[in-house]
Every structure is written in C-alpha cells, then in structure tokens.
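Note that the coordinates shown come from a computational prediction; the quantities given were computed from them, not determined experimentally. All heavy atoms count here, side chains included; hydrogens, waters and symmetry mates do not. Read the numbers this way: they start at 1 and go in the same order the structure lists the ligands and their atoms.
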Amino acid sequence: MPKQVYNVCGYRLGRKKVKSSVCLCPCNIVPEKSENGGWRKDGDKVDLAEQSLLNKLIRHSLVRNRNQVEVLQRDPTSPLYSVKTFEELRLKPDLLKGVYNMGFNRPSRIQENALPMMLAQPPQNLIAQSQSGTGKTAAFSLAMLSHVNPANKWTQCLCIAPTYELALQIGQVIEQMGKYCPDVKLAYGIRGNRMERGIKLQEQIVIGTPGTVLDWCTKYRLIEPKKITMFVLDEADVMIATQGHRDQSIRIHRQLTKDCQMLLFSATFEDSVWRFAEQVVPDPNIIRLKREEETLDTIKQFYVVCKEKEDKFTALCNLYGSLTIAQAMIFCHTRKMAAWLTANLTKEGHQVALLSGEMTVEQRASVIERYRNGKEKVLVTTNVCSRGIDVEQVSLVVNFDLPVDMDGNADNETYLHRIGRTGRFGRRGFAVNMVDSKHSMDIINQIEMHFNRRITKLDTSDLEEMESLMS
Ligand SMILES: Nc1ncnc2c1ncn2[C@@H]1O[C@H](COP(=O)(O)OP(=O)(O)OP(=O)(O)O)[C@@H](O)[C@H]1O
C-alpha cells in the first residue's frame, strides 16, 4: 500500500501516489525553486545570498562564540601567532585609528588567529570558516588596507563577493575602516559601474562581483591581474551555489600570479566548498571556528492539543494573556497562515510584526530591526527567517505549525533552529507546539525521541496549571 502522502507544504494528501511540485492543498502555494535547487515547503525562497545580506543588514555586533578556534598550519613547525590586541599587529597609525573608530576594542576570536596569518611576511594563503557575524569581513578588510602601498597607483587587492549588494556592504566596511587613510582608494567592480576601455584603474583595492571583475581583468583590461598581490574570495559557499560565479571566480584566479596571496572565507564548509577552496587556494593555512551549538537545555517545551486554526488561535491568546512574555516568535507553515494569524492577533490588540518571503531583504531587515528594538512584541513568520536572527529577549517560541520535512516527518533541525532562539545566553525560554491532528502528535513524539527531551502537555484553558508549569 502506498505510504501516506504529504504535499510540499506538509499537508496530507491521502493514501495515493502524487508526484507534484505544486501544492495541491488549500494553502495555494506555488513553491519556488531555491538557487541551490531545493524547494521550500513554505513556498519561501531560500536564497543564500539574500540570507547573507540580511544577516549583514541586521548585525551590529559580533556573534558570541565561546568555541576554540581550530588552526591547521601549512607548516606545522612554524610558531603559531595569535594576537589579543590590534596594537600587536603593528598597523599603520591611520589604519589603527580607523579600526578603533569603528568601536573595535580587541580582535574577535577568529581575528586573533587570522589577522597575524593574513599580515605575515612572506605572504601566506588562508582558508577561514566561521559562522556569519564572527568578524571575517572586518578581518580581510583590515588585511587589504594594511597590504596596499598607497604610493602605487594601480590595483593591488582584488576582492570578489557573490552579489552586488554584498560587494557594496564589504565596500562600506573598507571605506569606514580606511577613513583615515585618504591615499588608499577603492573601486566597485559591479554592474552599472561603467568604465572607459583602455584606462588603467588607479584604485589600490577593487571589490566586485565575479562577472564584472572578470570583464575588468580580461575584456576591458582596467586591472592588470599580474600586479594583484592579494586576492580575497568572500562567501565561498554562496559563490559556488551559482555555477556561473564559480567558473568566473576560477577564471579570475587563473589570471593571477602564483605569488599572489589567496584568502578564502566561508560561513559553512561542505565538501563542495572545500573542493572549490582547494582549487583556488594552494598550500593554505586553515582556520575554523565551530558554531556555538544550539541547546535545548534551558528551554521548557510544551504542546497544546487543538482542533483547527481558530482553536489554535484561542490557545495562543490564552497563553499570552496569562504569561509575562518579553517577546515571542510564532512560526507558521505558509505565508497565508502567517498573514491570517497576524491580522487576527492585531485585531486582539497585540503589537505584531509579520515577516515573510515576498518581502524585499530591506523590508525584512527593517521588520527585524523594529522587533529587536522592542517596537513589536510578537513576530509572526514562515521559515524564511528562522535562521540567523538573534533577538536576545525572545522568551517564547510558538510553533503554530510544526516543522515537517518533504515526507511529512518531523524536521528536527528546523525545530532546533526555531526554538533554539529562546533560552539563549543562560536565560530561560519556553516553546509551545500546537498539535491539531494525529499526524502532528506523531511529529511531537518523533521530536521528543530525537532530542530525548520531554515535551509536556499544556492545557491553556487552565490558568493555574499553566502558571505553575511555566513558572
Ligand atoms: N573586533 C571586533 N570588535 C567588535 N566588533 C566587531 C569586530 N569585528 C567585527 N565586528 C562587528 O561585528 C559584526 C560582524 O562582523 P563581520 O561583518 O566582519 O562578520 P562576518 O563574519 O564577515 O559576518 P557576515 O558575513 O555576516 O558579515 C559587524 O557589525 C562588525 O562591525
């Protein structure tokens, strides 16, 4: 007998064989294909470059990480340098002034090891991996600014990033850090930035996207690749998700000399990234900083049995009425459900923000910013923003719809990402799961087993019980 079939949004279709990439259930979703080929079950596009830009737009400080940095040196016999202060790097005074002016007091964890390697003489190649927000961009911006000779009026450092917007973001960091180095100039090798053929760029640093930078090197000959002494490839994992970018990066790399210092950065390190990294960075030193593990230890988990969405809504309101909640995040499966819930919560007088996939990155960043600043207490969202956002004061996460994978099974990883954002930094948090069918009860059981953590039943109509359980 064919297995129970679930649609792309997790909706049960019955016991028949259905092969469709279009949602056939009442959610009306037409799923979009993600850049790296996968479907999102909530219809929101997973665009790695967008995700990365969003992170940059909303990040104003370093991500906390207590893990040790793992360093693999090309020459294990050479002493391993790490610095605890920026002074130890013996930077030019104007550059040091720029670093302090950005509010950086000391190097971040990854910078402690990466900076001495990047600034070493003779130059050393480096592959560095650490999650977004740990200080990679600041590190290689500093390395480029320190590396160039301002007296030489030609391009010496080349940096490529996967998109126009990401290149602009990096450029801003370089401009800010190099504020007191007026002789160091920067050019943007991005679409729309037309240059006259035949001239040679005088800017010492060029930051751009692979296509334009390749054109500038080969077709327009604005840059002499043989004079490039530092090549930086940022967001390698995002870069290789687009075949064209991967090939263009390799073609740029081929034009450079063997002595050119190669630096590659990535937030993740799957095999494909590694294979690419090895191709463009010969004899590398490798620095890796493991992600701080999300933990469920400080989170109390509950489930509430409900009939249908109206019932879930009532449960949510009861929960809210009886608890002192700093801020809450509520996850829905579909944009449609998220919009419905937002409208109803607003009607009840809650200050609610909605985050969903059809918004531009800038709109999403502004919603998150407002929520972070406490302007709204509730954030309703689909999976699109379940990663990457750190809001320290979230005390309650509600799975209005449980996370399921394409086969309708518990999506444990997404569950962890969703609820892992509460109970952070030693604070206590609560996660409440809405169960509206036998299937969703099965999912709760699967999640319990997977994490070996109890998920307690909660009756939201019993105020006393709720208060004692959730205290
Ligand atoms: N040494 C430092 N001290 C304080 N803040 C820092 C330091 N280095 C970087 N930052 C800040 O931390 C945030 C993250 O840094 P950065 O953008 O360099 O990280 P990243 O690893 O490149 O992440 P992403 O790819 O998301 O930009 C930025 O707001 C940056 O200004």
Nearest-contact summary for [atom] - protein heavy atom, Å:
{"atom": "atom 26 (O) of ligand 1", "result": "Ser132 OG, 2.6 Å"}
{"atom": "atom 6 (C) of ligand 1", "result": "Phe104 CE2, 3.3 Å"}
{"atom": "atom 8 (N) of ligand 1", "result": "Gln111 NE2, 3.0 Å"}
{"atom": "atom 23 (O) of ligand 1", "result": "Gly133 N, 2.6 Å"}
{"atom": "atom 25 (O) of ligand 1", "result": "Lys56 NZ, 3.2 Å"}
{"atom": "atom 28 (C) of ligand 1", "result": "Arg59 CG, 4.4 Å"}

Exercise for review: Could you check Lys226 against Leu256 for side-chain contact (heavy atoms from CB on, under 4.5 Å), going step by step and ending with a plain yes or no?
Suggested key: CA-CA 5 Å; Lys226 302 282 176 256; Leu256 308 172; over 6 Å; no
Just how far is it from atom [atom1] of [X] to atom [atom2] of [Y], taken to the nearest 0.5 Å?
{"X": "Gln255", "Y": "Phe231", "atom1": "CD", "atom2": "CZ", "result": "10.5 Å"}
{"X": "Glu175", "Y": "Ile207", "atom1": "CD", "atom2": "CD1", "result": "10.5 Å"}
{"X": "Leu126", "Y": "Leu264", "atom1": "CG", "atom2": "CG", "result": "8.5 Å"}
{"X": "Ile240", "Y": "Trp274", "atom1": "CD1", "atom2": "CH2", "result": "12.5 Å"}
{"X": "Ile443", "Y": "Asn409", "atom1": "CD1", "atom2": "CG", "result": "7.5 Å"}

Please say whether [X] places an N or O atom under 3.5 Å from an N or O atom belonging to ligand 1.
{"X": "Asn105", "answer": "no"}
{"X": "Thr134", "answer": "yes"}
{"X": "Ala138", "answer": "yes"}
{"X": "Ser130", "answer": "no"}
{"X": "Gly135", "answer": "yes"}
{"X": "Pro107", "answer": "no"}

Point to revise | Nearest candidate to atom 17 (O) of ligand 1, where distance is taken over non-hydrogen atoms, out of Ile110, Thr137, Ile170 | key: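 Comparing heavy atoms across Ile110, Thr137, Ile170, the nearest one to atom 17 (O) of ligand 1 lies in Thr137.
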Out of all atoms in ligand 1, which are within 4.0 Å of some heavy atom of [X]? Include the element for each.
{"X": "Leu62", "answer": "2 (C), 3 (N), 4 (C), 5 (N), 6 (C), 7 (C), 8 (N), 9 (C), 10 (N), 12 (O)"}
{"X": "Arg106", "answer": "1 (N), 2 (C), 3 (N)"}
{"X": "Ser108", "answer": "1 (N)"}

Review point. Taking non-hydrogen atoms only, is Gln169 closer than 4.0 angstrom to ligand 1 via side chain, backbone, both or neither?
Key: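 None of Gln169 does.
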Point to revise | Of Leu233, Leu263, Ile252, the residue whose pairing with Val280 passes side-chain contact (heavy atoms from CB on, under 4.5 Å) | key: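 That would be Leu233; it is the only one of Leu233, Leu263, Ile252 passing the side-chain contact (heavy atoms from CB on, under 4.5 Å) with Val280.
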Review point. Hey, which of Lys258, Arg74, Met262 is the one that makes side-chain contact (heavy atoms from CB on, under 4.5 Å) with Pro282?
Key: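 Testing Pro282 for a side-chain contact (heavy atoms from CB on, under 4.5 Å) against Lys258, Arg74, Met262 leaves exactly one candidate, Met262.
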Exercise for review: Could you walk me through whether Asp94 and Lys179 pass the salt bridge (charged side-chain N to carboxylate O under 4.0 Å, His left out) test, one step at a time?
Suggested key: CA-CA 8 Å; Asp94 287 346; Lys179 192 171 156 189; over 6 Å; no
Review point. So is Phe86 in contact with ligand 1, going by heavy-atom distances below 4.0 Å?
Key: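 Phe86: in contact with ligand 1 (<4.0 Å).
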Exercise for review: Take the angle between the ring planes of Phe265 and Phe140 and call it parallel below 30°, perpendicular above 60°, tilted in between.
Suggested key: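 Geometry flag for Phe140 against Phe265: tilted rings.
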Check your understanding: For the residue pair His350 and Tyr320, does the interplanar ring angle fall in the parallel (under 30°), tilted (30 to 60°) or perpendicular (over 60°) class?
Key ->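 His350 and Tyr320: perpendicular rings.
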